[in-house]
Protein chains: 2
Amino acid sequence: MEKIKVVKKQILQRKGDLHSKSYKVESGLLRSYTIDDKGKEHIFMFGPEGWIVTDYVSPNEPCELYIDAIEDSVIVPIEKTSSQDIDLKKFIKRIRVLQNRVIMLMSASAVDRYEHFISTYPNIIQRAPQHMIASYLGITPEALSTLKNQRLRSKKK
Amino acid sequence: MEKIKVVKKQILQRKGDLHSKSYKVESGLLRSYTIDDKGKEHIFMFGPEGWIVTDYVSPNEPCELYIDAIEDSVIVPIEKTSSQDIDLKKFIKRIRVLQNRVIMLMSASAVDRYEHFISTYPNIIQRAPQHMIASYLGITPEALSTLKNQRLRSKKK
DNA sequence: TTTATGCATTAATGTAGATTAAGAAATTTA
DNA sequence: TAAATTTCTTAATCTACATTAATGCATAAA
């Protein structure tokens with residue numbers, strides 16, 4: 001239950017590491033992500049204050065995801081060992097978010113996904129760099145940039 | 001704990017229905033899916049024998065997903081009411097599958113996703129119609145068809 | 001201050017997969 | 001069985017987004 005401070009860009013966990021933990025974010029912003037075989041990053045989730053960032057592997061399995069800090073942050077690492085914090089509701093919530101993300105990725109265009117992202121995580125847009133938001137949306141930074149222009153233009157009219 | 005028989009194409013649950021249940025599959029094959037605003041189906045998961053098919057909403061919320069039978073099946077509906085079958089491990093497993101699916105959708109090409117699907121669910125390929133597999137992969141049936149040819153051609157050489 | 005290094009933008013060109021359409025096979029229904 | 005319906009395939013065309021590359025702007029380092 002100790003709070004620890006981490007600085008921007010500090011890596012908390014790497015893919016393949018053992019003893020995966022959960023991280024409760026007191027302040028700041030974390031992210032979890034993978035790196036594919038072409039070396040490309042894919043952001044899995046953002047973790048602003050109040051969120052818990054976890055790689056859903058059992059504590060004795062190697063991690064699937066990298067976790068690092070986008071901003072200087074204060075976090076509380078939580079051991080996964082005991083069956084303590086089985087907050088089932090949070091699990092179900094998490095599954096639903098993923099469920100929606102899968103559906104989004106399958107059915108919605110990049111513009112729609114961006115719109116959805118804005119309305120769901122309005123404050124993260126300002127805090128995370130563009131290329132990370134692009135990565136979360138599953139598009140390139142270039143595509144995000146032009147997409148934003150199109151949006152502006154069509155709204156201005 | 002009663003087993004019930006359902007026939008091919010029988011719908012167990014519609015989006016918006018209340019009193020969502022889980023369905024343990026004794027034999028046969030179920031699927032869960034959404035229908036987007038363009039009327040297009042997106043298969044969320046296949047449930048062959050041994051699997052439990054669930055829409056992860058709390059029992060008093062309206063369903064997000066449709067669930068129906070791809071083959072004549074024998075299933076056991078499970079009430080979600082009590083906190084009985086909180087098999088946490090299954091939850092975590094489910095999240096991991098989703099986690100992988102998201103990563104797949106973001107980083108892998110249609111061919112790679114197909115390869116992955118084949119190796120993960122070899123028997124479903126033969127049992128579900130192509131257009132459903134295409135839907136699961138997030139591509140059109142036409143794209144799946146041509147993709148299969150390319151695969152064959154490159155292997156024959 | 002100057003010089004780097006990283007990040008965002010724009011534009012030209014390329015490509016995976018969507019769409020459309022038509023026909024062939026297979027399966028279901030009568 | 002034939003007729004109807006559903007499923008699968010093929011090919012032509014189209015489009016959203018990727019890739020590449022060049023340019024401007026930050027922030028950070030020297």
Side-chain angles (χ1 to χ4, degrees), chain A residues 7-11 29 31 33 35-43 68-72 103-118 124-154 156, chain B residues 7-11 29 31 33 35-43 46 68-72 104-118 124-154 156:
Chain A
V7 301
K8 192 172 165 174
K9 293 194 180 175
Q10 189 173 330
I11 296 174
L29 182 60
R31 64 166 176 161
Y33 59 103
I35 300 178
D36 68 22
D37 35 329
K38 284 158 221 138
K40 215 167 158 185
E41 282 179 16
H42 299 277
I43 295 193
D68 68 18
I70 296 176
E71 299 172 352
D72 294 353
I103 292 166
M104 271 289 174
L105 284 168
M106 287 202 298
S107 64
S109 69
V111 185
D112 292 343
R113 274 178 274 151
Y114 181 63
E115 297 287 354
H116 182 259
F117 183 76
I118 287 177
I124 291 184
I125 290 280
Q126 285 108 259
R127 292 163 67 186
Q130 302 274 16
H131 72 269
M132 287 191 189
I133 290 163
S135 165
Y136 181 93
L137 295 173
I139 56 176
T140 59
E142 292 87 350
L144 178 55
S145 183
T146 53
L147 176 162
K148 281 169 69 184
N149 281 340
Q150 286 163 19
R151 236 172 67 88
L152 273 180
R153 256 175 256 137
S154 64
K156 284 258 169 85
Chain B
V7 300
K8 193 171 166 174
K9 292 194 179 174
Q10 190 172 329
I11 296 174
L29 183 61
R31 64 166 176 162
Y33 59 103
I35 300 179
D36 68 23
D37 35 329
K38 284 158 223 141
K40 213 166 159 186
E41 283 179 14
H42 299 278
I43 294 193
F46 291 105
D68 68 18
I70 295 176
E71 299 172 352
D72 294 353
M104 270 288 174
L105 283 168
M106 288 201 298
S107 64
S109 68
V111 185
D112 292 344
R113 276 179 273 149
Y114 181 62
E115 298 286 354
H116 182 258
F117 182 77
I118 286 177
I124 290 184
I125 290 280
Q126 285 108 260
R127 292 164 65 186
Q130 303 272 17
H131 73 268
M132 290 191 187
I133 289 163
S135 165
Y136 181 93
L137 295 172
I139 58 174
T140 59
E142 294 85 351
L144 178 55
S145 183
T146 53
L147 176 161
K148 281 170 71 184
N149 281 339
Q150 285 163 21
R151 234 173 68 88
L152 272 181
R153 256 176 255 136
S154 65
K156 284 261 170 81

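The model shown is predicted, which means the values in this text are computed figures rather than measured ones.
- For Lys38(B) and dA18(C), the NZ to P distance is 12 Å, given to the nearest whole Å.
- Here the shortest heavy-atom pairing between Leu137(B) and Phe117(B) reads CD2-CB, 3.9 Å.
- Note that CD1 of Ile133(B) is 8.5 Å distant from CD of Gln126(B), once rounded to the nearest 0.5 Å.
- Remark: P of dA18(C) and CG of Asp36(B) are 13 Å apart, rounded to the nearest angstrom.
- Atoms CD (Glu142(B)) and P (dT6(D)) sit 17 Å apart, rounded to a whole Å.
- If you measure from atom CD of Gln130(A) to atom C1' of dG6(C), you get 14 Å, rounded to the nearest angstrom.
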Given side chain to side chain contact (heavy atoms under 4.5 Å, CB included), test Lys148(B) with Tyr114(B) step by step and report yes or no. CA-CA 9 Å; Lys148(B) 281 170 71 184; Tyr114(B) 181 62; 3.6 Å; yes

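- For dA8(C), neither phosphate oxygen OP1 nor OP2 lies less than 4.0 angstrom from any side-chain nitrogen or oxygen of Lys148(A).
- Per the geometry, CG belonging to Asn149(B) stands 17 Å off P belonging to dA24(C), to the nearest Å.
- Here the P atom of nucleotide dA26(C) and the NE2 atom of His131(B) are 18 Å apart, to the nearest Å.
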Could you go through the side chain to side chain contact (heavy atoms under 4.5 Å, CB included) check for Arg127(B) and Ile70(B) one step at a time? CA-CA 8 Å; Arg127(B) 292 164 65 186; Ile70(B) 295 176; over 6 Å; no

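- Side-chain atoms of Ser145(A) lie closest to dT9(C) of the nucleotides dC17(D), dT9(C), dG17(C).
- Within 4.0 Å of Pro129(A), counting heavy atoms only, lie sugar-phosphate atoms of the nucleic acid but no base atom.
- With respect to Asp68(B), the side chain to side chain donor-acceptor pair (under 3.5 Å) criterion is satisfied by exactly one of Gln10(B), Lys8(B), Arg31(B), Lys9(B): Arg31(B).
- Listed pair Lys40(A) / dT19(D) meets the phosphate criterion, a side-chain N or O lying under 4.0 Å from OP1 or OP2.
- For dC17(D), the OP1/OP2 oxygens have no side-chain nitrogen or oxygen of Thr140(A) closer than 4.0 Å.
- Checking dA18(D), dT28(C), dG17(C) against every side-chain atom of Lys8(B), the shortest atom distance belongs to dT28(C).
- The interatomic distance linking Leu105(B) (CG) with dA16(C) (P) rounds to 18 Å, in whole Å.
- In this structure, Ile70(A) atom CD1 and dC7(C) atom C1' are separated by 15 Å, rounded to whole Å.
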